[in-house]
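Because the structure is a prediction, the values reported are computed rather than measured.
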Amino acid sequence: MALSWRSWLANEGSKHLFLLFWLSLNVWLFWKTFLLYYHGQQYYYLHQMLGLGLCISRASASVLNLNCCLVLLPMCRVLLAFLRGSQKVASRKTRRLLDKSKTFHVTCGITICIFSVLHVAAHLVNALNFSENYSEDFLALNVANYRGEDPRKLLFATVPGLTGVIMVLVLFLMCTASTYAIRFSNYDIFWYTHNLFFVFYMLLLMHVSGGVLKYQSNLEEHPPGCFNPNKTLRENMTVPKAFEETFPAYTTEPFPEDLSVPEPFVQNNFVRICSEEPKFQSHFPETWFWISGPLCLYCVERLYRYIRSNKPVTITSVISHPSNVLEVRMMKVNFKARPGQCPTDTKATFGIHLKVVGDWTERFRDLLLLHSSQDKEILPIFQQRRYPKLYVDGPFGSPFEESLNYEVSLCVAGGIGVTPFASVLNTLLDGWKCYKLRRLYFIWVCRDIESFRWFADLLCMLHNKLWQENRPDYINIQLYLSQTDGIQKIIGKKYQALNSRLLIGRPRWKLLFDEIAKCNRRKTIGVFCCGPNKISKILHKLSNISNSYGTRFEYNKESFS
C-alpha cells in the first residue's frame with residue numbers, strides 16, 4: 001500500500017508544510033532586514049562603525065519581534081476554545097489546525113532561542129566595535145564614551161546591555177525547564193520558571209527603549225559620504241579656485257583633480273556636496289507595536305480565567321483506583337463542558353482521572369486521601385478529613401470534540417489515556433441520535449487487568465443501552481491486555497460483556513485499519529489517539545497510507561506533556 005498524498009497532506013503533511021512555511025518566513029524576514037541595513041543609506045555611518053554586526057543584530061531582532069508576538073497567541077486557550085466551539089470556524093481542517101497550537105508555541109519558542117543566540121553574538125561584536133571604532137566626528141552614534149573603553153561596561157553598565165543579559169538568563173531558565181525530563185520529574189520547576197515570561201517581556205520593553213542604534217535623518221541635506229566644504233576645506237585643506245564661489249545646497253559635481261579627498265567621500269570620481277552635518281536619531285521602539293497587542297490579549301485572558309476559576313469547587317467524592325489512578329468527582333456552579341472536553345457523570349457533576357506518577361500528583365493524592373494505599377471510595381464527605389480548597393481552570397478545547405462530527409470514528413487509548421474518551425462515552429450515554437457519529441471503534445490497551453476497571457462501569461452501561469435500543473453495532477469495543485501470564489478476566493458478573501471483548505497481546509494495527517477501511521468504503525474516518533508516543537506514531541503513519549477501498553483516515557492526537 002502506498003502513501004496517499006491527499007491523506008498525508010490532510011494529516012501529517014499540513015503540519016510539516018506549515019512548519020516549512022514558518023521557517024521560510026523567518027529566513028525571508030531575516031534576509032530582507034539584513035539587506036535593508038546593509039544597503040540602507042540612512043545607516044551608512046553606523047554600518048561603517050559596526051560592520052556586519054549591525055545588519056545581523058537588526059535582522060535577528062526583527063525575527064525575534066515576530067516570534068515574541070506570536071508565541072503568546074497559542075496559549076490563549078479560552079480564545080482557541082471559543083473559536084473551536086463557535087460557528088466562526090466552520091471548516092474541520094481549520095479547527096484541526098487549532099489543535100496544533102502547542103506545536104506552534106514550541107516552534108516559536110525554539111525560533112526565539114536560535115535567533116537570540118545570533119542576536120547576542122552580533123551585539124557582542126557591536127560592543128567591541130563601538131569601543132575600537134570610537135569617532136569624534138559622529139558623537140551621536142557612539143555608545144562608548146572614549147576609544148578603547150572596556151566593552152564589558154557597555155554590556156553591564158547600560159540599560160540595554162544589562163536588560164539583555166538578564167533576558168538571556170531568563171530565557172535559558174525557561175528553555176531548560178521546558179525539557180521533558182524536568183517536566184516529568186518536577187513539574188513545579190517548569191511551571192514557575194515558565195511564568196518568568198512576564199519578566200522577560202517587561203525587560204524586553206525596557207531593552208528596546210535605550211535607542212542605542214540610530215539612523216541618519218537628514219539624507220537630502222547630507223547624503224552619505226558627501227563633501228562639506230564649509231567644514232572640511234576650512235579645517236584640513238587649502239581651498240582651490242573651484243570652490244571660491246558659493247556652492248548650492250545640494251549638487252553633484254566632478255571632483256577637482258588637484259584636491260586630495262579621503263576615500264569614503266569619493267564615489268566613482270564624483271563627490272556629492274552637502275550643506276550641513278549629519279543628524280542622527282533613534283527609531284521608535286518597534287517591539288512595542290509587535291508585542292503590545294498579544295501581551296494585552298493574553299493578560300486579559302489570564303485575568304478572565306482567574307476570575308472564572310476563583311470560586312473553589314465542591315469535592316463530592318474521591319476514589320483510589322487500581323494502578324495508582326485517582327478519581328476526583330466535583331461540583332461547580334455554572335460549569336459547562338462540551339462533549340469531548342471533560343468527563344461529566346451528570347449535568348451537575350464532573351470528574352477527573354489522574355495517574356500518580358510524579359511529585360505533584362503524589363502530594364495531591366496525599367492531601368485528598370487519608371491513606372494512600374486505600375482502594376475504596378470515601379463516602380460520605382462529613383466522615384472524611386477536611387479537603388483542601390481546589391480550583392478548576394477550564395474546560396478548554398480538545399481534539400476529541402471532533403469525534404462526534406465524523407460518521408465513523410476510531411478512538412485509541414493507551415492506559416490512563418482513556419480519560420479524554422470518557423467524556424465522549426458519557427455524552428453518548430445521554431443520547432447519540434443528535435450527533436453525526438453512527439459508528440465508533442473504541443480500542444483500549446492496558447498493561448494489567450485491573451486498569452480496565454477505571455471505566456468498566458461506563459463501558460458496560462453504554463453497551464447495555466445500545467443493545468436495548470437495538471443498535472449493538474453502534475460501538476465496537478476492543479480491550480487489549482498487553483502484559484499477562486495467562487488468560488485473565490475482569491472480576492464481576494456485570495463485566496461479562498467486556499470479558500468477551502478482552503484480547504491478550506497488542507493490537508495488529510495494520511489489519512485493524514484494513515478491516516475498518518473495508519467496512520467503511522469511501523468514507524472519511526476520524527482517528528483519535530491518546531497514549532504513548534509509540535502507538536501515536538504507528539497510528540499516524542497508518543492514517544497516511546492509502547487503501548484500495550477509497551477510505552480516508554484523518555489523524556487527531558491529544559497530548560498532556
Is it true that E469 and W432 share a donor-acceptor pair across their side chains at a distance under 3.5 Å? yes

Any donor-acceptor pair under 3.5 Å linking the side chain of W444 with the backbone of G415? yes

State, to 0.1 Å, how close L295 and M202 come at their nearest heavy-atom pair, and which atoms those are. CD2-CE, 3.9 Å

Is there a side-chain contact between I112 and L64 (heavy atoms, below 4.5 Å)? yes

May I ask you to decide if P322's main-chain N or O and W454's side chain share a donor-acceptor pair within less than 3.5 Å? yes

Relative to each other, are the rings of H123 and H207 parallel, tilted or perpendicular (30° and 60° limits)? perpendicular

What I want to find out is whether R365 reaches E362 closely enough, with some N-O distance under 4.0 Å, to be called a salt bridge. no

Side-chain touch L297/C76, heavy atoms, less than 4.5 angstrom: yes

Show the nearest heavy-atom pair for residues V445 and S482, with the distance to one decimal. CG1-CB, 4.3 Å

Nearest non-hydrogen partners of A422 and L458, listed with the distance: O-CD2, 3.9 Å

Go through Y306 and R308 one step at a time and tell me if the side chain to side chain donor-acceptor pair (under 3.5 Å) criterion holds. CA-CA 5 Å; Y306 174 77; R308 184 178 67 171; over 6 Å; no

I'd like to know whether CE of M206 has more than 12 heavy-atom contacts from other residues, nucleotides or ligands below 6.0 angstrom. no

Rounded to the nearest 0.5 Å, what separation is found between the CG atom of L410 and the CG atom of L440? 8.5 Å

If every non-hydrogen atom of F513 is compared with every non-hydrogen atom of S543, which pair is closest and at what distance? CE2-OG, 3.9 Å

S423 side chain vs P420 backbone, donor-acceptor pair below 3.5 Å: no

More than 12 heavy atoms of other residues, nucleotides or ligands under 6.0 Å from CH2 of W288: is that the case? no

Look at the aromatic rings of H463 and W467 and report parallel, tilted or perpendicular, splitting at 30° and 60°. tilted

Do L429 and M461 make a side-chain contact, defined as non-hydrogen atoms from C-beta onward lying under 4.5 Å apart? yes

Heavy-atom distance under 4.5 Å between the side chains of F442 and Q478, does that happen here? no

Taking all atoms of both residues into account, what is the closest heavy-atom pair of L70 and W22, and its distance? CD1-CH2, 3.0 Å

State whether the side chain of H105 and the backbone N or O of V71 hold a donor-acceptor pair below 3.5 Å, judged by distance alone. yes

Between CG on residue N476 and CD1 on residue I443, distance to nearest 0.5 Å: 6.5 Å

Answer with yes or no whether the side chains of Y441 and R439 bring together a donor and an acceptor at under 3.5 Å. yes

Working for side chain to side chain contact (heavy atoms under 4.5 Å, CB included), residues I525 and S409: CA-CA 5 Å; I525 300 175; S409 291; 5.8 Å; no

Flag the pair D188 and R363 as a salt bridge only when some basic side-chain nitrogen lies within less than 4.0 angstrom of an acidic carboxylate oxygen. yes

The side chain to side chain donor-acceptor pair (under 3.5 Å) partner of N26 among T107, N67, T111 is N67

Report the C-alpha distance between S536 and Y555 in whole Å, list the side-chain angles of each, state the deciding distance to 0.1 Å, and finish with yes or no for side chain to side chain donor-acceptor pair (under 3.5 Å). CA-CA 9 Å; S536 176; Y555 183 75; 2.4 Å; yes

So, using side chain to side chain contact (heavy atoms under 4.5 Å, CB included) as the criterion, who are the partners of Y391 when residues are at least two apart? P312, K389

Under 3.5 Å, is there a donor-acceptor pair between the side chain of T163 and the main chain of P160? yes

Distance only, no hydrogens: is a donor on one side chain within 3.5 Å (strictly under) of an acceptor on the other, for Y435 and T427? no

How many angstroms lie between atom CE of M174 and atom OH of Y192, to the nearest 0.5 angstrom? 15.5 Å

Rounded to the nearest 0.5 Å, how far does OG of S209 lie from CG of L205? 8.0 Å

Determine, stepwise, if the pair H321 / R453 fulfils side chain to side chain contact (heavy atoms under 4.5 Å, CB included). CA-CA 8 Å; H321 287 292; R453 301 188 66 179; 5.9 Å; no

Please verify the inter-ring angle class for F400 with F421; under 30° counts as parallel, over 60° as perpendicular, anything in between as tilted. tilted

So, T551 versus N520: side-chain donor-acceptor pair below 3.5 Å or not? no

How many angstroms lie between CG in L498 and CZ in R501, if you round to the nearest 0.5 Å? 7.5 Å

Are the aromatic rings of H194 and F190 close, with centres under 6.0 Å apart? yes

Do any N or O atoms from the side chain of Y304 and from the backbone of V78 form a donor-acceptor pair under 3.5 angstrom? no

Student check: side-chain heavy atoms of N533 and K557 closer than 4.5 Å: yes

Has E301 got a side-chain atom pairing as donor or acceptor with R77's backbone, closer than 3.5 angstrom? yes

Would you sort out whether I291 and N65 count as a side chain to side chain contact (heavy atoms under 4.5 Å, CB included), showing the intermediate values? CA-CA 7 Å; I291 70 174; N65 284 336; 5.7 Å; no

Greater than 12 external heavy atoms within 6.0 Å of N470's CG: no

Just by modelled atom types, is the R438 backbone N or O under 3.5 Å from a matching donor or acceptor in the R471 side chain? yes

Atom pair CD1/CG of I449 and L481 - distance to nearest 0.5 Å: 5.0 Å

Is the closest side-chain heavy-atom distance between Y201 and L203 below 4.5 Å? no

Output yes when a side-chain donor or acceptor of S60 lies under 3.5 Å from a complementary backbone atom of L118, and no otherwise. no

I'd like to know if the side chain of K523 and the backbone of R552 have a donor-acceptor N/O pair within less than 3.5 Å. no

Contact between P472 and L466 at the side-chain level, heavy atoms closer than 4.5 Å - yes or no? no

Stepwise side chain to side chain contact (heavy atoms under 4.5 Å, CB included) test for N556 and Y406: CA-CA 12 Å; N556 302 267; Y406 288 89; 4.0 Å; yes

Quick one: do the D448 and S451 side chains pair a donor with an acceptor below 3.5 Å? yes

Mutual orientation of the aromatic rings belonging to H353 and F455 [parallel < 30°, tilted 30-60°, perpendicular > 60°]: tilted

